[in-house]
A.B. asks: 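Sharing a structure, written as C-alpha cells. Questions coming.
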Amino acid sequence: MSTANTPVSNFIRTIIDADLASGKHSSIVTRFPPEPNGYLHVGHAKSICLNFGLAVDYQGKCNLRFDDTNPEKESFEYAQSIQEDVRWLGFQWDGEVRWASDYFEELYAFAVELIQKGLAYVDDLTPEEMREYRGTLTEPGKNSPYRDRSIDENLDLFGRMRAGEFADGARVLRAKIDMASSNINMRDPVIYRIRRAHHIRTGDAWCIYPMYDYTHCISDALEAITHSICTLEFEDHRPLYDWVLDNVSVACHPRQYEFSRLELHYTITSKRKLLQLVNEKKVSGWDDPRMPTIQGMRRRGYTASGLREFARRIGVSKSENSVDMAIMEGAIREDLEPRAPRVMAIINPLKVTISNFEGAEAREADFHPNLPELGKRAVPFGRELYIEADDFAEVPPAGWKRLTLGGEVRLRHSYVMRCDEAVKDSSGNVVELKCSIDHATLGKNPEGRKVKGVIHFLSCEHALPAEIRLYDRLFTVARPDADRDVDFSNYLNPDSLKVVQGWVEASVKESAPETHYQFERLGYFCTDRRDHKPGSLVFNRTVTLKDSWTREQA
Ligand code: ATP
Ligand code: MG
C-alpha cells in the first residue's frame, strides 16, 4: 500500500524513468506555464503538484513561466497571486520567474526564419474569410490567395506589421503547413496577430503578439524543458508543437505529454467561469472560501499538505479525472486530524443552569489526545453553561445517547449532568435547561450506572463570542457546467454560506489568522485570514468531521 508522500507511479514517471535509464536525459526540467489572467484553481493545483513534484522527486528543476501573450486579459495582480499560491503549496521554481514576453525578440526572429525558409506568409484574408477557407472536420480547407507571396514580400510585410503600419486585425502571419490536413490545427495556423494593447511587461513596445501554440513550444525549447506536460485538450496541438520546433533553429526539442484535467464535483474548474462568479458578485471575491481557487481553499482552511495529498490520491492519467468532493475532504480531514488542537465551541447555544453548583472551577485538558507537545488548557466550569441546542431532545429518537429530560450525559472533560427541567417560552420552544451534576463524577465513572453520551459545553462566564461561517458546496449538482444550454450559475447552492454567532473557549483568544482547530464534534475550523483578530474572532468551517453530506443526500 502506498502511504502519504510515496509517489504514485504514472505513465509520465514511466517515460521519465526510461529517458533517464537510456541516457536521453541526465536530469529533468519541467515547467508550470499559467496565463496570468485569473487566480489559480484546484485543477492548477493538480498541475503544480505534478510538475513541481516531479522536479522534487527526480532532483530536477521546474520553471514557473507566465504565458503572457494576451495583453488585454493579464495583470500583475494575477501574476503575484499565482506566485504566492505556488509557494504556499510548498514549491519553489528554479531561478527567476520567467515570462513568454522575455522571448518576444527571439520569437520574432524565429518567425523571420520561417518566412525565409518559405514556411510562413502574411495573409490579408479577413477573419470571416479565413474561417471559410479553413474547411471543417470533414472537408479540407483551401489555400489563401496570399499563400504564395514571395519571401521578400512576406519579409517586408511582416516587418511593417511590427512597425505598426497596419490596423489591428488587418493582417496575420501564418505558418505554411497544409490546408488539407485532417488536423485543423495544422491548416496554416496563425502565429502572429496585430493587436494594439498595452502589455503588462513590454508596454507599447509591440503591436504584434505571437499566438500561444507558437510561443509555448519555443519557450519550452529556449528553457531546455525535457518533459512539457499539459492537459489533454492540447493533444491535437502536439503536431504543431513539433512542426515549429522542427523548423526553427533551436538547440533542443522538448517532448509534450498530455494528461487529463481534474474536474471536481460540485464546483467548476475554469478561470473564465470563476471570474464570472466574481464579477457577478455571486461570491465575495476570488478568495471566497467557497471558491475552488487555491486562495479560496486556503482561506477556508484547506492545508497545503492536504492538497498535495489529494493530488497524490487522484493520480495522473489520460482517462477522465472526474473526482468526488469526498476525496478532497477526506484528504483534508486526515491531514488535520493528527495536528489540529481540539477545543470546544458552540454553534447553536442552549443555556443550562446547574442548580447544585456555585462559583467557578477549571480542569486541565490536553489540546490533543496524541500530541502532549501541544500542551494543555484550562476548561472552566460554572453555574451557567452553553450546550449545543441539538444535543437536547425532549422527545428523543430511538438510540438517543445525548441529553433528554431526566437523562444523564457526561460533559466533556467534566461532570456527569442530569437534566431536571426544560424551560419553555410562550410558543413552547425550549429556551433553557435546569440541570444538576453528580459531584462524584469529575474524571470518574458514576457509581452503579452507565452514562453513554458525551457532549461538549462552554462555561457562559468564560466563553468568547465568535462569528462562525459554515460553508457548504457552492453548487447543488455535481457537474454544474455540463449542460451548455443552462448557465452554471442557475445551480448555485443558496445555502452555501451560513453565518452564525456562536461561542468558543477562551484558549483560542490570541490565535493568529490561519490557525486550524478541531471544534470537538463539529468539524475542523480555521481562523479567517482576512477578518479574524483579537476581540473579533472569525472561524471558517473547513470540513465537517464526517462525510455527512453524502449520507444526507443518499
Ligand atoms: P482555465 O481553463 O481554467 O483558464 P487554463 O488551462 O486556461 O485553465 P492556464 O493558466 O493556461 O489555464 O493553465 C496553466 C496550466 O495548468 C496548464 O498547463 C494547464 O494544462 C493546467 N491546468 C489548467 N486547468 C487544469 C485542470 N482542471 N486540471 C489539471 N491541470 C490544469
Ligand atoms: Mg489557458
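Remember, it's 1-based here, ligands and their atoms both numbered in the order they're listed.
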A.B. asks: In plain terms, say whether Asp481 and Lys273 are close enough for a salt bridge, that is, a side-chain N and a carboxylate O under 4.0 Å apart.
C.D. replies: yes
A.B. asks: What part of Phe259, side chain, backbone, both or neither, has a heavy atom within less than 4.0 angstrom of ligand 1?
C.D. replies: side chain
A.B. asks: Partners of Ala478 by side chain to side chain contact (heavy atoms under 4.5 Å, CB included), sequence neighbours excluded?
C.D. replies: His265, Tyr266
A.B. asks: Do Asn37 and ligand 1 have an N or O pair less than 3.5 Å apart?
C.D. replies: no
A.B. asks: Before accepting this row, confirm whether a basic side-chain N of the pair Arg187/Asp178 lies closer than 4.0 Å to the acidic partner's carboxylate O.
C.D. replies: no
A.B. asks: If you measure from each non-hydrogen atom of His41 to ligand 1, which part falls under 4.0 Å: side chain, backbone, both or neither?
C.D. replies: side chain
A.B. asks: Within the structure, does Phe32 bring an N/O atom to less than 3.5 angstrom of an N/O atom in ligand 1?
C.D. replies: no
A.B. asks: Under 3.5 Å between some N or O of ligand 1 and some N or O of Arg31?
C.D. replies: no
A.B. asks: Taking 4.0 angstrom as the limit, do Arg65 and Glu96 come out as a salt bridge?
C.D. replies: no
A.B. asks: So, is Asp67 polar-close to ligand 1, with some N/O to N/O distance under 3.5 Å?
C.D. replies: no
A.B. asks: Which residues pass the salt bridge (charged side-chain N to carboxylate O under 4.0 Å, His left out) test with Glu258, not counting sequence neighbours?
C.D. replies: Arg238, Lys318
A.B. asks: Is Pro34 close to ligand 1, meaning an N/O of one under 3.5 Å from an N/O of the other?
C.D. replies: no
A.B. asks: Geometry only, no angles: is Glu35 polar-contacting ligand 1 at N/O separations under 3.5 Å?
C.D. replies: yes
A.B. asks: Establish, for the pair Arg541 and Tyr524, whether the NZ or CZ atom is under 6.0 angstrom from the six-membered ring centre and no further than 45 degrees off its axis.
C.D. replies: no
